[in-house]
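Structure record follows, encoded as structure tokens.
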2 protein chains.
Amino acid sequence: MTVECKNCPLRQKECFQPFSPQELSFTQGFKSGELSVDAGTTIQIEGSETPHLYTVLSGMGVRYKTLENGRRQVINFILPGDFVGLQAGVMGVAGHSVEATTPMVLCTFRRSDLWRLFQNHPGRAYDLVWLAASEEAFLGQSLVTVGQRKGLERVSWALLKLFDRLKHLGLAKGNRVPLPYRQQDVADALGLSLVHTNKTLGVLRSRHVARWSDGELQILDRETLQGYALVEEEDVGQRPLI
Amino acid sequence: MTVECKNCPLRQKECFQPFSPQELSFTQGFKSGELSVDAGTTIQIEGSETPHLYTVLSGMGVRYKTLENGRRQVINFILPGDFVGLQAGVMGVAGHSVEATTPMVLCTFRRSDLWRLFQNHPGRAYDLVWLAASEEAFLGQSLVTVGQRKGLERVSWALLKLFDRLKHLGLAKGNRVPLPYRQQDVADALGLSLVHTNKTLGVLRSRHVARWSDGELQILDRETLQGYALVEEEDVGQRPLI
DNA sequence: TCCGGCTATGTCGTAGTTTAATTCGCGAAA
DNA sequence: TTTCGCGAATTAAACTACGACATAGCCGGA
């Protein structure tokens, strides 16, 4: 099966990244199995062997690193269509953990099949580079946000990013999207304390800008939220980089 | 020319990343020219077209993003052997700037040659994925540091990282390495103010842990510095990821 | 000699952390 | 049904790490 990719002007077909995850032509001749997990399951543990790579077919989760002092940095939020495992550290030893926050279905690939894939399918290799570069670009944005912006800006940025990603996946109903995370997850992603994140969310709620409760995010005043988030137009992570 | 790569156990030859930059077998059939620039030159400007990719043959610089409010986030420090431009945004429009802090010599590649390279040289494609993943892993570490650690820890971490990278490049003379950056650069990389970074450096100096002046960094008490930096053993960025 | 960029250091205000107490579900046990 | 227990959200109060501002010293270049 070959599908059109709306996001990749350079190579108009067989491009990898998120549209309908089920359509991933990438899986041809590479997929090794499927994996279903419950909410709360840790799919990958920091420092453990990871012979597999994954794409997320459904469900959501977080990718994070834990520190010596017990604190935690959420690297990014894992949504359907995301590719997981490329970032894994030295020779398949993961440098981070991945945890499901909802039930998830994953498509698994064997890491050891990767080299064969490169030799036989240059297009897929190209896609992987693009993926890795997208990821890198997103992390760059996170770094800017965490490093240079204040609490309100960070929280607004995160909500907006998540909203748009989920909308892009077709999960938005009007101005609402499902957001099955805890406030702690967002706090850990933004380098803020839970308490301060909570208060900031309270501010956004009281100003009728955004409301997030019961696992559902609602954007009430996108204009203002964007103002807080100081968001750039460029929507990295959805388009090809090379 | 084919060289041994000390860092890549999986494919023992023709692997890309930093050893002696001059040996980059990668350049075969891909290199399109060389570029020499003075200290202070901006090689790449955020938002501008970037038809080229680079490897650094000599000299140092910074890669950064500028914000609406004038602040700046240094994404990483560019050292000899580094590959620049893969991260560039949509269709060759850079999402960040690159500036030389010393005179630099760069090896240039045409972005448009990339696709051909993938088709003809799967090994190089493999290297590129590895590179991108390394970069991504490093950014993950930065994010953890900036998001979760305090000033002293951040500064210590940065000094240690830079020291080790430069040492790995063979630029260390005993416990000294050249470090041609301004304090502002480090501050911007760590999400700290210049003043606070300065004071923290003062602390390290007065405690006889590390001294940085006149473009030269000196580690006086590595043990203690590592303690501050809370550094993990894993040295991502020097080893293959897939 | 003056000027501009970088480093150094002191004071003070504040954004954000820490700790803790309260509340609100919600599922399991009684 | 009520009760208990647990995890998450919420709010308040005390503390602190860090930023903003100001000032001074240093050095190289015009």
Side-chain angles (χ1 to χ4, degrees), chain A residues 38-41 62 67 69-74 99-102 145-159 179-207 210-218 228 230, chain B residues 38-40 62 67 69-74 99 101-102 145-159 179-207 210-218 228 230:
Chain A
D38 292 335
T41 308
V62 288
L67 292 147
N69 55 14
R71 297 184 70 171
R72 186 180 79 135
Q73 175 70 38
V74 168
E99 186 181 320
T101 60
T102 71
T145 303
V146 172
Q148 306 295 340
R149 310 227 248 237
K150 306 203 174 279
L152 180 61
E153 298 166 345
R154 297 192 211 181
V155 173
S156 303
W157 178 81
L159 294 185
L179 198 60
Y181 295 103
R182 294 167 305 161
Q183 296 187 358
Q184 184 73 61
D185 295 324
V186 174
D188 288 346
L190 297 174
L192 295 172
S193 70
L194 169 61
V195 176
H196 196 252
T197 304
N198 181 310
K199 277 193 259 197
T200 306
L201 288 168
V203 170
L204 290 175
R205 199 181 327 121
S206 68
R207 292 187 191 171
R211 178 173 291 126
W212 175 27
S213 59
D214 304 320
E216 196 179 66
L217 169 66
Q218 201 181 151
Y228 293 154
L230 297 168
Chain B
D38 291 336
V62 288
L67 294 145
N69 54 16
R71 298 184 69 170
R72 187 180 77 135
Q73 175 70 37
V74 169
E99 186 180 321
T101 60
T102 72
T145 303
V146 173
Q148 306 294 341
R149 310 227 250 236
K150 310 207 172 275
L152 181 60
E153 297 166 344
R154 297 191 211 180
V155 173
S156 302
W157 178 81
L159 294 185
L179 199 59
Y181 294 102
R182 293 166 305 159
Q183 296 187 358
Q184 184 73 60
D185 296 324
V186 174
D188 289 345
L190 298 174
L192 296 171
S193 70
L194 168 61
V195 177
H196 197 252
T197 303
N198 182 311
K199 282 179 196 176
T200 307
L201 288 169
V203 171
L204 290 174
R205 199 182 327 119
S206 68
R207 292 188 191 170
R211 178 173 291 126
W212 175 27
S213 59
D214 305 318
E216 194 177 68
L217 169 66
Q218 201 180 151
Y228 293 152
L230 298 168

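In what follows, every chain begins at residue 1, and chains take the letters A, B, ... in the order their sequences are listed.
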Is there a donor-acceptor contact under 3.5 Å from the side chain of A/Arg154 to the main chain of A/Arg149? yes
Does A/Gln148 use its side chain to pair, donor to acceptor, with the backbone of B/Arg72 at less than 3.5 Å? yes
What N/O pairs connect the protein and nucleotides 25-30 of chain D at under 3.5 Å? Give each pair on its own line.
none

Flag the pair A/Trp157 / A/Leu230 as yes when at least one side-chain heavy-atom distance between them is below 4.5 Å, and no otherwise. no
Give each protein N/O atom lying under 3.5 Å from an N/O atom of nucleotides 16-18 of chain D, with the pair distance.
from: D/dC18; atom 1: OP1; to: B/Gly151; atom 2: N; distance (Å): 2.8
from: D/dC18; atom 1: OP2; to: B/Gly151; atom 2: N; distance (Å): 3.4

Counting C-beta onward and ignoring hydrogens, is there a side-chain heavy-atom pair between A/Val146 and A/Leu192 closer than 4.5 Å? no
DNA chain C: first to last nucleotide in contact with chain B (atom under 4.0 angstrom from a heavy atom), 5' to 3', is C/dC6 to C/dT11
Against B/Tyr228, only a single residue in B/Thr200, B/Leu204, B/Leu159, B/Val203 fulfils side chain to side chain contact (heavy atoms under 4.5 Å, CB included); can you say which? B/Leu204
Mapping B/Leu201 and A/Leu194 to their closest nucleotides on DNA chain C, which lands nearer the 5' end? B/Leu201
Looking at B/Arg71, is its backbone amide N or carbonyl O close enough to the side chain of B/Asn69 to form a donor-acceptor pair, meaning the two atoms are under 3.5 Å apart? yes
Using whole Å, report how far CG of A/Asp185 lies from P of D/dG7. 15 Å
In plain terms, say whether B/Arg182 and B/Asp188 are close enough for a salt bridge, that is, a side-chain N and a carboxylate O under 4.0 Å apart. no
Kindly say whether B/Pro180 contributes a backbone atom to a donor-acceptor pair with the side chain of B/Thr101 at under 3.5 angstrom? yes
Hey, does A/Leu152 have a side-chain heavy atom less than 4.5 Å from the side chain of A/Ser156? yes
Donor-acceptor under 3.5 Å (B/Glu216 side chain, B/Ser213 main chain): no
Would you indicate what A/Arg205 reaches in the nucleic acid, counting non-hydrogen atoms under 4.0 angstrom: base, sugar-phosphate, or nothing? sugar-phosphate
Counting only side-chain nitrogens and oxygens, does A/Asn198 get under 4.0 Å of the OP1 or OP2 atom of D/dT10? yes
